[in-house]
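Both backbone and side-chain heavy atoms feed into the values below; hydrogens, waters and symmetry mates do not. The structure displayed is predicted, hence computed values, not measured ones.
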Amino acid sequence: MTTIKLHNTKTRQREVFTPIDDKNVRMYVCGPTVYDRAHLGNARPVIVFDVLNRLLRHVYGNDHVTYVRNFTDVDDKINARAAESGRSIGQITAETTQWFLEDMAAVGALEPDHMPRATAYIPQMVSMIEGLIAKGHAYAAEGHVLFAVESYKKYGALSGRSIDDMIAGARVEVAPYKRNPMDFVLWKPSDADTPGWDSPWGRGRPGWHIECSAMAYELLGAHFDIHGGGNDLMFPHHENEIAQSCCAHPESEFANVWMHNEMLQVEGKKMSKSLGNFFTVRDLLDQGVPGEVIRFVMLSTHYRKPMDWTDKKRDEAEKTLREWNNPDRISIVSDTAASEFDRKHIDNDVMDCLAEDLNTPGAISVLHRLFKDGNMEQFVASARYLGLPAADFEYFRKSSIPAMTEPINVMVANTVNDLIGARAKAKSERNFSEADRIRDGLLGAGIRVTDRKDGTSGWELVADFDPAKLEALK
RNA sequence: GGCGAGUUGGCGGAGUGGUUACGCAGCGGAUUGCAAAUCCGUGUACAGGAGUUCGAUUCUCCUACUCGCCUCCA
């Protein structure tokens, strides 16, 4: 069996991964707060942990992995969005949830086994909070319930902070009802205009962190294998989750392995609305950037390093994927029900790279080698395994040019073939200036003509295909 | 101020105590009516300083710089 090694934030070391139960490997990844379209940075953890999910399923068996990723659909950002737009909270969260699923599917992410919504777990949260109060880890004050960080000795261990240091450097305004400035909210009161649920502390709503603790406990138990998310969640979100869960279930250790992906940057700078470099996954898709290209770029940097999204990388990724989908090179027929074929032919070196703390750039380099060496079965199976298209040229070509509908596609092909025929005739008459004129014209329209050894000619679309220019050549 | 990550050839980006990926670009060649595409060949880089070592890009320490978190954030 493949030995998987993962970098554990908790120990700051790369460790051999040993499941608690190899018949049910359990992973929880923090999902989005559903108030707006997923931006590009949101896609990184989704893709990273999608790869891990695929790896675990390959190693332990498809039916022996439970992957949970939540939707946080109760949050003050959602409330604010509803208030400013005049729409209902339910409309916003339902719509945003659906967008998220569509956008993540477009970048090749498989759906987790469970995608719980926080609002479906309010009673479990209330119950967990009651337990924390009973054990002396939390206290009610002025309609709030707060977690007492001093009641948990290991508070700060994950992110390497001490409570005293944090207080010294804190820039937060401290609510008067907090016993310790670092105490965080488990439950807060709601006024009449804010969503709320009845509770022992009055009508209110949960604080930010408790939903993950409650849902992880319900779906995975008190002790499970892997907990993941972006490294900006390490503090305070994950620290607080650990404190809540470990105090509510002192017999357990919560997650064995903590994994955090590094942040995404855009052209060397943090993505932010004020810098004007903020964009969503949907923005890219609508601009004609295929989801596979986004995925390829994401996989080409190791998940624990900052990733810089640049136009240059996007172009190079698209170029590589075009080459990998060149029908002249790949003769294996694509079959959507090819899971058996894929499973059998996934390359061992690709697996070894992934097993070594998800070395996706290494896996891509193996893909290059397989392609170059003509090991097409391994290549296709491995590329698909990583969620990249292979032997699927038509799909890729269509997805690159969303405006190009099927009838136009056929018309384009006919036009191009006519022009190539005319060029072949000119060539046979040794009228090379006419032949070159046609070839240059096609290239200008975004179609590259390539002569094969046998005297026939192939063609492919290049980046800036322009149907209008093609029409003008007729 | 506190905590953490990082600095690899023209660019991107892995990895390793000694044999120095991979991709893009470049260069040389084959091929071609000319191209393109393709194929073959070609690159000795690891921020600076000190230390450990037979030997360090890889380990330790120091310095510089970059970035993230500490407030909502993946």
What is the minimum heavy-atom distance between Leu55(A) and Tyr385(A), and which atoms define it? CA-OH, 3.1 Å
Show the nearest heavy-atom pair for residues Cys30(A) and His238(A), with the distance to one decimal. SG-NE2, 3.3 Å
Do the side chains of Lys77(A) and Asp36(A) get close enough for a salt bridge, i.e. N-O under 4.0 angstrom? no
Quick one: do Arg87(A) and Glu95(A) make a salt bridge, cutoff under 4.0 Å? yes
Find the distance His237(A):NE2 to C70(B):C1' and express it as a whole number of Å. 16 Å
Taken to the nearest whole Å, CE/Met234(A) to C1'/C72(B) is 18 Å
Which sits closer to the 5' end of RNA chain B, Arg12(A) or Tyr35(A), going by the nucleotide each is nearest to? Arg12(A)
Base A74(B) paired with His39(A) side chain (donor-acceptor, <3.5 Å): yes
Could Arg369(A) and Asp349(A) be called an ion pair, given the rule that one side-chain N must be under 4.0 Å from one carboxylate O? yes
For Glu318(A), is there an ion pair with Arg314(A) - N to carboxylate O distance below 4.0 angstrom? no
Using the C1' atom in both, what is the distance from G48(B) to C65(B), to the nearest Å? 11 Å
Distance, P atom - from G28(B) to A36(B), rounded to whole angstrom: 13 Å
Here the pair of heavy atoms bringing Leu386(A) nearest to Arg54(A) is C-NH1, 4.3 Å
Tell me: CG of Leu443(A) to P of A36(B), nearest whole Å? 11 Å
Taking the same atom, C1', in C70(B) and in G12(B), what whole-Å distance lies between them? 32 Å
Can you tell me how far C1' in U16(B) sits from the matching atom in C73(B), rounded to whole Å? 36 Å
Please report the distance separating the P of U19(B) from the corresponding atom of G26(B), rounded so that it comes out in whole Å. 30 Å
Whole-Å distance, Ile78(A) CD1 to C73(B) C1', equals 13 Å
Closest to side chain of Phe432(A), choosing from G33(B), C22(B), A74(B): G33(B)
Check whether any side-chain heavy atom of Leu40(A) sits under 4.5 Å from a side-chain heavy atom of Phe279(A), and report yes or no. yes
Hey, where does RNA chain B pair up into stems, meaning at least three consecutive Watson-Crick or G-U pairs with distances under 3.5 Å? B:1-7 with B:64-70, B:10-12 with B:22-24, B:26-30 with B:38-42, B:47-51 with B:59-63
Across the strands shown, which category fits Arg423(A) at heavy-atom distances under 4.0 angstrom: base, sugar-phosphate, nothing? base
Do the side chains of Lys178(A) and Asp183(A) get close enough for a salt bridge, i.e. N-O under 4.0 angstrom? no
Can Asp451(A) and Lys427(A) be counted as an ion pair, charged N to O under 4.0 angstrom? yes
Are any protein N/O atoms closer than 3.5 Å to N/O atoms in nucleotides 13-15 of chain B? If there are, list each pair with its distance.
unit_1, atom_1, unit_2, atom_2, d
G13(B), OP1, Lys313(A), NZ, 2.9
A14(B), OP1, His302(A), N, 2.6
A14(B), O3', Asn359(A), ND2, 3.4
A14(B), O2', Asn359(A), ND2, 3.2

Taking CD from Glu241(A) and C1' from A74(B), how many angstroms apart are they, rounded to a whole number? 13 Å
Regarding the side chain of Ala435(A), the nearest nucleotide among C73(B), A21(B), G33(B) is G33(B)
Are Arg423(A) and Asp440(A) within salt-bridge range, i.e. N to O under 4.0 Å? no
For the P atoms, the ones on A50(B) and on C22(B), what distance do you get once it is rounded to whole angstrom? 33 Å
Electrostatic pair Asp50(A):Arg295(A) at N-O distance under 4.0 angstrom: yes
Ile364(A) or Lys427(A), whichever maps to the more 5' nucleotide of RNA chain B: Ile364(A)
Have a look at Asp440(A) and say if it touches a base, only the backbone sugar-phosphate, or nothing, with a 4.0 Å heavy-atom cut-off. nothing
Rounded distance in Å between the P positions of G23(B) and A30(B): 23 Å
Before accepting this row, confirm whether a basic side-chain N of the pair Asp357(A)/Lys5(A) lies closer than 4.0 Å to the acidic partner's carboxylate O. no
Leu233(A) CG - C72(B) P separation (whole Å): 12 Å
Pairs under 3.5 angstrom, nitrogen or oxygen only, protein versus nucleotides 23-25 of chain B, please.
unit_1, atom_1, unit_2, atom_2, d
C24(B), O3', Lys319(A), NZ, 3.1
C24(B), O2', Glu316(A), OE2, 3.2
A25(B), OP1, Lys319(A), NZ, 2.4

Could you give the distance separating C59(B) and C67(B) at their P atoms, to the nearest angstrom? 24 Å
Give a yes or no on whether a salt bridge exists between Lys319(A) and Asp315(A), defined as a side-chain N under 4.0 angstrom from a carboxylate O. no
Under 4.0 Å, heavy atoms only, any strand: does Gly41(A) hit a base, just the sugar-phosphate, or nothing? base
Would you mind reading off the distance between Arg439(A) atom CZ and A35(B) atom P, rounded to a whole angstrom? 9 Å
Please classify the nucleic acid contact of Leu264(A) as base, sugar-phosphate, or nothing, using heavy-atom distances under 4.0 Å. base
Proximity to the side chain of Asn231(A) - top-ranked nucleotide from C34(B), A74(B), G68(B): G68(B)
Integer-rounded Å distance: G68(B) P and Asn261(A) CG: 15 Å
